[in-house]
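Mind having a look at this structure? Questions to follow.
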Amino acid sequence: MNILKFASVQRALLTVFYLAAAAIIISACGTSGNSEDDGRLKVTSTIGMIHDLVKNIGGDRVASTGLMGPGTDPHLYKASHGDIRKLDEADIIFYNGLHLEGKMGEVLVKLEKRKAVVPVTKNIPRSSLMLVDDSGQGTYDPHVWFDVSRWISAAEVIEETLAGLDQDNADYYKERAAEYIGRLKQLDQYAREQLASIPEERRILVTAHDAFGYFGKAYGIRVLGLQGISTASEYGSKDVSDLRNFLVDNKIRAVFIESSVPKRSIEAVLEGSKKRGHTVEIGGELFSDAMGQEGTVEGTYIGMVTHNINIIVRALK
Amino acid sequence: MIDFWILLTGALVASCCGILGAFLVLRKMAMIGDAISHSVLPGIVIAFMISGSRDSFAMLLGASLLGLVTVFLIQMFKQSGVQADASIGVVFTALFAVGVVLVSLNARQVDLDLDCVLYGEIAYVHWNTWSMSGVDLGPKAVWLLGFTLLVILAVLGLFYKQFKLCAFDPALAAALGIPVALFHYLLMGLVSMATVSSFESVGAILVVGLLIIPASTAYLLTDRLGRMIALSAGIGVLSTVIGYGAAVVLDASIAGCMVCAAALLFVLAFLFSPKHGLVARAARRRRLSRQQLGA
């Protein structure tokens, strides 16, 4: 009796297996047949900031999609099934490079054999990049987008790539890129002027995640972070007490939290300084690894940088 | 083609994990996969310190080494009388902590978490190809996992009787002159090899899930080791297929859907297994009480 039952269980399992296999084949055919092809270049970008550049330069002549949405930390990003399709169907893939995309970067390098896969940071001279430690092992800080002048170089890479692969529209891309780079230069100027208006001894940015190294270097503001470069690495208790002492000794008025990092890490430091009789306030929320919601001002690169500058200036001035 | 490679990789991982998982569940050491997923951290930090790069191969080497150390220590503690679950817990938390300390001492500014440098993602297997002198040989994961599966099949095939006896009655095995400890270490070595190569190819959650869940499902369905191993591997493969289908429909994480499918099959077996299922047991109880009433 039991053996009979066992056989029927086995048969049932096999039936499910065949059904599932059939379902997969049907759905796979279904999705590949559905993909719209209107002759435009298909461009897929990893982080939102690059997606935004492509939208601004490519206009309506390219179909641009991004993988990491608002608030997604690139270090912790997980691909969904749809993301594979986006990567597979793309004519061009843009990514940041410099290990920002983690292990996905290795995959992107392999994809170079099949299609145009371009790290937008490729034209920034390596000698001008910041190393993340003193060991000289060639590990660069990947968060280049907060130095607007460096991000202009990324815009140029995108313009060249688009124009090279879609020569019919090359003039269109060149024109749009020139116009957008003009706006970036204004933004760069705005950042310089605004941050210079903070008294020099107060130009210290304390934040939860070391994403602002290039920002600090470009606009003359000292940056101190609680965590290391990675949002996933643990921070030591010495970090907390060092930072607390620093806040108290230098009479720092405000520290900043970030959209893609939990508030908790910085709150420990604030507690500590309060106990030593110095009140530090939270200056506001900065965007670091990801932009704001799509459709809002902060959901664009220019809007995000402007938001950060305004928040910093308001709190420290 | 993408679908084919993902399904093939999933099937290979499910087979490797399913076969070994059956033994682990019987020995009450199912959590060893989770343990290895954490304890390889010092291995990758040391590999990074020596090689100075985050190259996959160096990371894989470091992780394999620590995987072996982990299973060796767990087995050693267990044989010296520490409870199986306690020895797993002691070894992996301690090694993981060593890894955290090493990161904070040596590599704190470098992005060196397991997710970034070791764990692969099944979604990308299709593109992560292996090429030799310019010839594209197909996904690296398929080669790595295929080789692992062959080794597992060869070792278990050669010594099946010994492994079986050691799993159920180590005392009798020892009395018969089988080097029990050696076979335990051999099995653990296989587990370490399978999990580390699977981590590199498809990521942690899928490996840990497929190591435990299908084997536990199979355990509910049969009382025979041979059948349990076959069922465990088969259910694992089935989970990856159903999970992939779900990931396509829902546009969600593939590994996540696969483990959910495995869990779903476990629940089905738990309820409806002909012998150990809830429904069958309730029916049996009722029949029994009716017989007693009749008597």
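Excluded from the calculations below are hydrogen atoms, water molecules and symmetry mates; all remaining heavy atoms, backbone and side chain alike, are included.
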Discussion item. With a 6.0 Å cut-off (strictly less than), is the heavy-atom count around CZ of B/F266, excluding the residue itself, greater than 12?
Written reply: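 Count over threshold, so yes.
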Worksheet item: What part of B/I6 lies closer than 4.5 angstrom to a heavy atom of chain A: side chain, backbone, both or neither?
Response: side chain
Worksheet item: Going by atom types only, do A/Y140 and A/H99 share a side-chain donor-acceptor pair under 3.5 Å?
Response: no
Discussion item. Between B/A123 and chain A, with a heavy-atom cut-off of 4.5 Å, which part of the residue counts as in contact: side chain, backbone, both or neither?
Written reply: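 Looking at B/A123, backbone and side chain both touch chain A.
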Worksheet item: Would you call the rings of B/Y244 and A/H81 parallel, tilted or perpendicular, where under 30° means parallel and over 60° means perpendicular?
Response: perpendicular
Discussion item. Restricting to salt bridge (Lys or Arg N to Asp or Glu O under 4.0 Å), what partner residues turn up for A/E294, sequence neighbours left out?
Written reply: A/K55
Worksheet item: Any idea which of B/W127, B/F4, B/Y124 has the most non-hydrogen atom pairs under 4.5 angstrom with chain A?
Response: B/W127
